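What you see is a predicted model; the values in this text were computed from it and never measured.
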Amino acid sequence: DDIMSSTAAFLASFASILIGAAVGMVLRRALPADLPGGGSKEAIRLGAGFLSTLAALVIGLMIASAKNTYDNQNTNIRQLGTNVVLVDQMLIKYGPEAKAARALLRETIPSTTARIWQENAGGNGGGSTFVVSDTAERFYNAVEDLKPANAEQTSLKSRITAITTELGRTRLLVFTQSENAIPVPFFIVLIFWLVAIFASFSLFAEPGPIVIASILVFAISVSSALFLIVDLSHPFDGLMQISNHHLRAVLPKVE
């Protein structure tokens, strides 16, 4: 699978940018003094400017894609929590007959939560066939086994069944939307552009403390942006992972 961690993205981009800057400095010393001038210098600067604009556009698209992935999964998790509370409230209204289903619901949520984060940690989601857990299956069966005794219970069972179906659908969305938002080939092309850009910068700048310090600052800044983009594209892993606290603590104990 084309899976990339945020730390690997930072280190790869930072090292590549520094290599590009070093190549530019070496070329500056190797080329004749009068060669990088006139039309040649202008052509290189125009090309670097075009690549800079293109790289900025691509980074913007990557940010939008990563943020969209994060927001979608965060919405799915919150929707799961909301539907769990609704199901539990309707089971309370249904009556004592639904106590077993409520107990199974409380067994299902922790195991489902752990499974979601385990599946998707490191971008591993979507890599295996989705299978409903045994606990979740028993909960669905408990709901189906409810025998309504009046019109109110019949209506409640219909609504409970609809929301449990929605729970399964949302859970499946979490599983299927966990593909890597930033493809590795796309990332490699961007790094190649950044190498070319920084090589052109150092090609015309006289090496010195200020130039070297500036290149280091720029390299860290760009690499940090790519680190955040990749980290954001892995909603269940890394520094900005979605919290599972509200999903684990969403239900009160069965009285």
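Side-chain contact check for T170 versus I77: every heavy-atom pair is 4.5 Å or farther apart. A heavy-atom distance below 4.5 Å is found between the side chains of I210 and S214. No side-chain heavy atom of S233 sits under 4.5 Å from any side-chain heavy atom of Y70. Taking 4.5 Å as the limit, some side-chain heavy atom of I215 sits within range of a side-chain heavy atom of M25. Under the 4.5 Å side-chain criterion, counting only non-hydrogen atoms from C-beta, L91 is in contact with L146. Two residues are said to be in side-chain contact when any heavy atoms from C-beta on lie closer than 4.5 Å; V143 and L104 fail this criterion. The shortest distance between side-chain heavy atoms of L18 and L216 falls below 4.5 Å.
Residues G238 and D231 approach most closely at CA-OD1, 3.3 Å, considering heavy atoms. Across every non-hydrogen atom of L228 and M240, the tightest pair is O-CE, 3.5 Å. Of all non-hydrogen atoms in Q73 and I242, the two that sit nearest each other are C-CD1, 3.7 Å. Shown here for V230 and A9, the closest heavy-atom pair between the two residues is CG2-CB, 3.7 Å.
Listed by first and then second residue, the salt bridge (charged side-chain N to carboxylate O under 4.0 Å, His left out) pairs that reach into residues 140-166 are E166-R169, sequence neighbours excluded. Within the structure, the salt bridge (charged side-chain N to carboxylate O under 4.0 Å, His left out) test picks out the following pairs touching residues 58-75 (sequence neighbours left out): K67-D71. The list of salt bridge (charged side-chain N to carboxylate O under 4.0 Å, His left out) pairs with a residue in residues 219-228, not counting sequence neighbours, is empty.
More than 12 heavy atoms of other residues, nucleotides or ligands lie within 6.0 Å of CZ in F14, so this atom counts as buried by the packing criterion.
For F139, the ring-ring contact (aromatic ring centres under 6.0 Å, His included) test picks out no residue, with sequence neighbours left out. Every residue two or more places apart in sequence or in another chain was checked for a side-chain contact (heavy atoms from CB on, under 4.5 Å) with F192, and none qualifies. Residues meeting the ring-ring contact (aromatic ring centres under 6.0 Å, His included) test with F201, sequence neighbours left out: F198.
Rounded to the nearest 0.5 Å, atoms CG (N244) and CD1 (I109) are 12.0 Å apart. In this structure, CD in Q153 is found 13.5 Å from OG in S158, a value given to the nearest 0.5 Å. To the nearest 0.5 Å, the span separating CG on N150 from OG on S155 amounts to 10.0 Å.
Put simply, the side chain of S202 gets close to the backbone of A199: a donor and an acceptor are under 3.5 Å apart. A donor-acceptor contact shorter than 3.5 Å links the side chain of N141 to the backbone of E137.
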